[in-house]
Amino acid sequence: MGQKGLTNFFEKFLDKESLFENKRVLQANYIPETITHRDKEIKKIATILAPCLKLEKPSNLFIYGKTGTGKTLTIKHVTNKILQVAREKDINVKIFYINCKLKRVADTEYRLIAQFTRDLGKEIPPTGLPTDEVYKIFFSAIDAEQQLVILILDEIDYLVKKAGDELLYNLTRINSDLKNSQISLVGISNDLVFVDHLDPRIKSSLSEEEVIFPPYNALQLQDILKQRAKKAFKKNVLEQGVIEKCAAYAAREHGDARRALELLRVAAEIAERDGFSRIKIEHLDKAEQEIEKNRIQDIVIAQPKQQQAVLLSIISICSKRKRGIFTGEVYEVYKGICIQTGLRPLTQRRVSDIIAEYDMFGIINTNVISKGRYGRTKEISLAIDHSIIPKIKKIIENNLNL
DNA sequence: CGAGATTCATGTGAAGTATACCTTTAGGCTTAA
DNA sequence: AAGCCTAAAGGTATACTTCACATGAATCTCGTA
């Protein structure tokens, strides 16, 4: 495109009518004023948490539900309302939300407590302090004034798998030492059997109350989509059947509403980019691929180089042969990649742990099998769509200067 | 032929090490009385 | 003498390594039918 062409392009771009009225409505962090099909859950959570407005400690709460069933959305909605009322009536309630899955933010005991303490306005160094010390600072920051604090731990199962359940015990016990204030815990998990592995003492105190979020069915998903689409798009840009198809896609994936909304948004973006004036069903198919690519891309880019090298090793073996990929082979290929890129190879022990991490992210599936006379190993297979593998591969290769 | 021993390749737990970062402390220097 | 700065000492969390033992079914071995 020449200089003149570019000017032309931008002018055209400005002239082109956007399909969106308000794109934000479809983004993941948007909290709508009313949440459809979650009345029961909202009411229950509200009832459980309401005592905090009288500065009485609400029961600890545990929320289960698959991804995209509105857990995070609902708790944020309810807590926003509580905070709003609290502000009007000048009640000292504080609510902190943290997602435990965020790497290098809240995935260890130290980092989690440090993060909460920072939310309370204290400076905590990223490392160096004893964990007890951080607890003390956290403690005194809370007890400094009379108040009620609610801590929300999203994806708590991930944290416990990585860092153990001791910190939950510490958090539940902290109350007995607080003089002026109280804290309540809200745990959110999409692993339904997660609490069964917890220490019984923690289990009983953490799940004093439980709320379960059932998956949405296709009709409910349609309602949600229609409601948001009305706000998000201009009139008449949705072709017949798009919403229905979109809901059906997501219902197939255990009723994941987040996915449905993302699908709709990305489809619209694709339609807009390609110069269509209406969103067609075919755009949904393209969107689905794009989303999956982005999801994995985001995870991969956030990984350190060593981890990327391991994934690249798995991918390149996988693209040659589909079945029967084992740790030893992955390690050999990984070492080769390290030499090529000048990376210092990690030990097989560590690589084995990294492979387990990718398993947790859901990018690969692993299965420990015994091959009898030929030893014991992890059978590894990629859990991502084959059409996007080359793109991911390219991203990593670029990143590692290969 | 079949029960039990063997074997392989790696899983997995525990303990040790390197690194990056923190606070405390002691010594040296400056400054003001 | 008091105050301030700096560098060393001593402490911690995290990522990784080292060491050592655990696993579990295919295969081997050997006693017995």
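Being a predicted model, the structure only gives us computed values, none of them experimental.
- Side-chain atoms of S181(A) and Q147(A) include no donor-acceptor pair closer than 3.5 Å.
- Between T347(A) and the phosphate of dT18(C), there is no side-chain N or O to OP1/OP2 separation shorter than 4.0 Å.
- At dA15(C), one or more side-chain N or O atoms of R111(A) fall inside 4.0 Å of OP1 or OP2 (strictly under the cut-off).
- D191(A) and S189(A) share no donor-acceptor pair across their side chains, judged by distance under 3.5 Å alone.
- Ionic pairing of D353(A) and R349(A) is present here: one or more N-O contacts between side-chain nitrogen and carboxylate oxygen are shorter than 4.0 angstrom.
- Atom pair L346(A):CG and dT14(C):P shows a separation of 19 Å (rounding to whole Å applied).
- In this entry the distance linking CD of Q348(A) with P of dA9(B) reads 11 Å, nearest Å.
- For Y374(A), taking side-chain heavy atoms from C-beta onward, the closest of the listed nucleotides dT17(C), dT27(C), dT23(C) is dT27(C).
- Remark: R252(A) engages E288(A) in a salt bridge, criterion side-chain N to carboxylate O under 4.0 Å.
- The pair R295(A)-E292(A) counts as a salt bridge, with a side-chain nitrogen and a carboxylate oxygen less than 4.0 angstrom apart.
- Checked for salt-bridge contact, K286(A) and E290(A) miss the test: no charged N lies under 4.0 Å from a carboxylate O.
- Atom pair I369(A):CD1 and dA26(C):P shows a separation of 10 Å (rounding to whole Å applied).
- Residues E145(A) and K94(A) form a side-chain contact, since some pair of their non-hydrogen atoms from C-beta on lies under 4.5 Å apart.
- Atom CZ in R349(A) sits about 16 Å away from atom C1' in dT17(B), given to the nearest Å.
- Within the structure, every side-chain polar atom (N or O) of R373(A) is placed at least 4.0 Å from both OP1 and OP2 of dA26(C).
- The NZ atom of K371(A) sits 14 Å away from the C1' atom of dT23(C) (whole-angstrom rounding).
- In this entry the distance linking CG of D107(A) with C1' of dA15(C) reads 12 Å, nearest Å.
- The phosphate of dA9(B) has neither OP1 nor OP2 within less than 4.0 Å of any side-chain N or O from S370(A).
- OP1 and OP2 of dT14(C) both lie 4.0 Å or more from every side-chain N or O belonging to Y110(A).
- When each of G375(A) and K378(A) is assigned the nucleotide of DNA chain B with its nearest heavy atom, G375(A) is the one assigned upstream, toward the 5' end.
- Close to dG11(B), at under 4.0 Å from its OP1 or OP2, lies a side-chain N or O of S352(A).
- One interatomic measurement links the two molecules: CZ of R350(A) to C1' of dG13(B), which rounds to 15 Å at whole-angstrom precision.
- Taking atom NZ of K136(A) as the reference point, atom C1' of dT12(C) lies 14 Å away to the nearest angstrom.
- Counting any heavy atom pair closer than 4.0 Å across all strands shown, P304(A) reaches no nucleic acid atom.
- The stretch residues 116-135 of chain A touches DNA chain B through P125(A), T127(A), G128(A), L129(A), each having a heavy atom within less than 4.0 Å of the strand.
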